Structure formats: C-alpha cells, structure tokens
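Because the structure is predicted, anything quoted here is derived from the model rather than measured. In what follows, every heavy atom counts, from backbone to side chain, and hydrogens, waters and symmetry copies are set aside.
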Amino acid sequence: MVGTIGIRILDGAVIISDDAGQFNVGIHALCWIHAERLVYKLHTFTETARKAQEKVRADIWAFYADLKAYRKKPKPAHKSKLRTRFNKIFRQKTGFLALDQLLGRLYANKQEMLRVLDYPIIPLHTNGSENDIRCQVTRRKVSAGTRSDNGRDCRDGFLGLMKTCQKLGISFWDYLGDRLNVPGAFSIPDLASLV
C-alpha cells in the first residue's frame with residue numbers, strides 16, 4: 001500500500017540531486033553544479049594537469065550555457081547535437097588520470113546529466129532547494145540540535161514560514177505580528193493564498 005502511494009506521489013516528478021543515493025528515486029536528474037565541482041576540487045600537481053583541468057572546466061561551463069539556452073527554447077533537433085557534445089567532453093582523455101577517471105564516472109551518468117533534454121522545465125542545479133535548507137542546517141550546527149521532537153518541529157516550522165515569507169517579499173516580523181494580533185500590525189494575507 002505505502003509503495004503504491006509513493007509511486008503515485010512521484011508520478012512524473014523529476015528529482016534532482018547531487019548523486020546522493022537516497023534521492024535516486026522516480027525520474028532522477030543530476031545537478032550540474034555538483035558535477036563541475038568534482039572537477040574543480042581535483043588536486044593538480046603539475047602544469048599539464050592544471051591546464052587539462054582548466055580546459056575541461058571551460059568545456060563544461062560552455063556546455064552548461066548551451067543547456068540553459070536549450071531550456072529557454074527547446075528544439076528536438078538540438079538534442080542529438082547536445083548529446084554528441086556531451087560525449088566529446090566526458091569521453092576525452094586528458095592524460096591526467098584522476099580527471100580521466102572522473103570524466104568516465106560522470107559519463108556513466110549521462111542519462112541523468114542530460115535529463116533536461118527531455119524535461120526542459122527542470123533546473124540544471126539544486127542551488128534553489130539547497131538555499132532553502134541552508135538556514136536550518138546552520139541553525140542546527142550552531143545550537144547543536146534541539147532537545148525534543150517538539151522543539152525540532154517548532155524550529156522547522158518557523159524556519160519554513162520565514163523562508164516562505166522571504167520568497168514572497170513579506171516581512172516575517174509583520175507576518176508574526178498579524179498572526180499574534182499585535183496592535184498596529186500590518187494585515188498579511190494567508191500565505192497559501194499568496195503562493
């Protein structure tokens with residue numbers, strides 16, 4: 001029963017992740033920023049390796065720009081050209097062993113890296129969703145967590161409300177003032193009606 005419900009919830013949804021296994025559900029896509037970051041973080045000890053890394057990063061960012069353009073104006077004729085370019089970038093041999101192995105690993109994820117070709121509406125990265133939870137992660141690190149489940153639920157609820165207000169351009173303090181009936185507070189409509 002639960003499995004059936006889960007399948008219906010994910011029906012047609014595309015999940016974008018940094019390749020963490022727990023997110024490999026439904027139709028899965030990979031974040032381009034995380035993929036490029038792997039190339040960026042490689043340690044280069046020779047000038048040849050550094051130049052190879054720079055060239056591959058430039059290739060990836062140029063390809064990323066073309067994927068962004070494709071998202072704005074998807075044309076079926078461009079799909080095969082983009083797939084061919086992907087092959088050229090991720091199957092190249094640079095002579096820098098660690099980079100060549102990483103490119104091979106990213107090439108093995110070709111279908112998930114190019115999911116945007118079939119679903120142009122999806123973003124190419126997870127930065128939006130990561131920004132949404134960053135304040136919660138920071139709060140958890142600073143306070144060393146909460147003492148109870150109720151405390152965790154309260155923290156998460158308030159941070160969620162604050163983020164929603166922020167995205168809608170509403171002062172969180174004005175929102176709280178209205179909900180707590182503070183005299184002279186601005187009237188704020190129900191957030192659900194604004195979303």
Residues passing the ring pair (Phe, Tyr, Trp, His ring centres under 6.0 Å) test with Phe96, sequence neighbours excluded, are none
Is [Y] close to [X] at the side-chain level, that is, under 4.5 Å between some pair of heavy atoms?
X: Leu67; Y: Leu117; result: yes
X: Trp32; Y: Glu36; result: no
X: Leu103; Y: Arg91; result: no
X: Asn87; Y: Tyr107; result: yes

Please name the pair of heavy atoms, one in [X] and one in [Y], separated by the smallest distance, quoted to 0.1 Å.
X: Ser187; Y: Pro189; value: O-CD, 4.0 Å
X: Arg179; Y: Leu191; value: NH2-N, 4.3 Å
X: Ile60; Y: Ile89; value: CG1-CG2, 4.1 Å
X: Ile122; Y: Ala29; value: CD1-CB, 3.9 Å

Common cluster, Tyr40/Leu106, ILVMFWY with side-chain heavy-atom separation under 4.5 Å | no
Is Tyr175 reachable from Trp173 through a run of I, L, V, M, F, W or Y residues, each pair having side-chain heavy atoms under 4.5 Å apart?
-> yes
[Y] backbone acceptor or donor facing [X] side chain under 3.5 Å:
X: Gln53; Y: Thr44; result: no
X: Gln101; Y: Ala98; result: no
X: Asp178; Y: Ile188; result: yes

Given the rule in the side chain to side chain contact (heavy atoms under 4.5 Å, CB included) test, do Leu114 and Lys79 qualify, once you have shown the distances and angles that lead to the verdict?
-> CA-CA 9 Å; Leu114 295 179; Lys79 281 185 184 184; over 6 Å; no
I need the [X] [atom1] to [Y] [atom2] distance, nearest 0.5 Å.
X: Leu82; Y: Phe86; atom1: CG; atom2: CZ; result: 11.0 Å
X: Phe90; Y: Lys110; atom1: CZ; atom2: NZ; result: 11.0 Å
X: Arg57; Y: Arg37; atom1: CZ; atom2: CZ; result: 11.0 Å
X: Met162; Y: Ser171; atom1: CE; atom2: OG; result: 11.5 Å

Crowding at [atom1], [X] (>12 non-hydrogen neighbours, <6.0 Å):
X: Lys51; atom1: NZ; answer: no
X: Gln111; atom1: CD; answer: no
X: Ile121; atom1: CD1; answer: no
X: Trp61; atom1: CH2; answer: yes

Do Thr94 and Asp100 have side-chain N/O donor and acceptor atoms under 3.5 Å apart?
-> yes
Going by the side chain to side chain donor-acceptor pair (under 3.5 Å) test, which pairs reach into residues 64-76, not counting sequence neighbours?
-> Asp66-Arg85
Would you please classify the geometry between the Phe158 ring and the Phe172 ring as parallel, tilted or perpendicular, with 30° and 60° separating the classes?
-> perpendicular
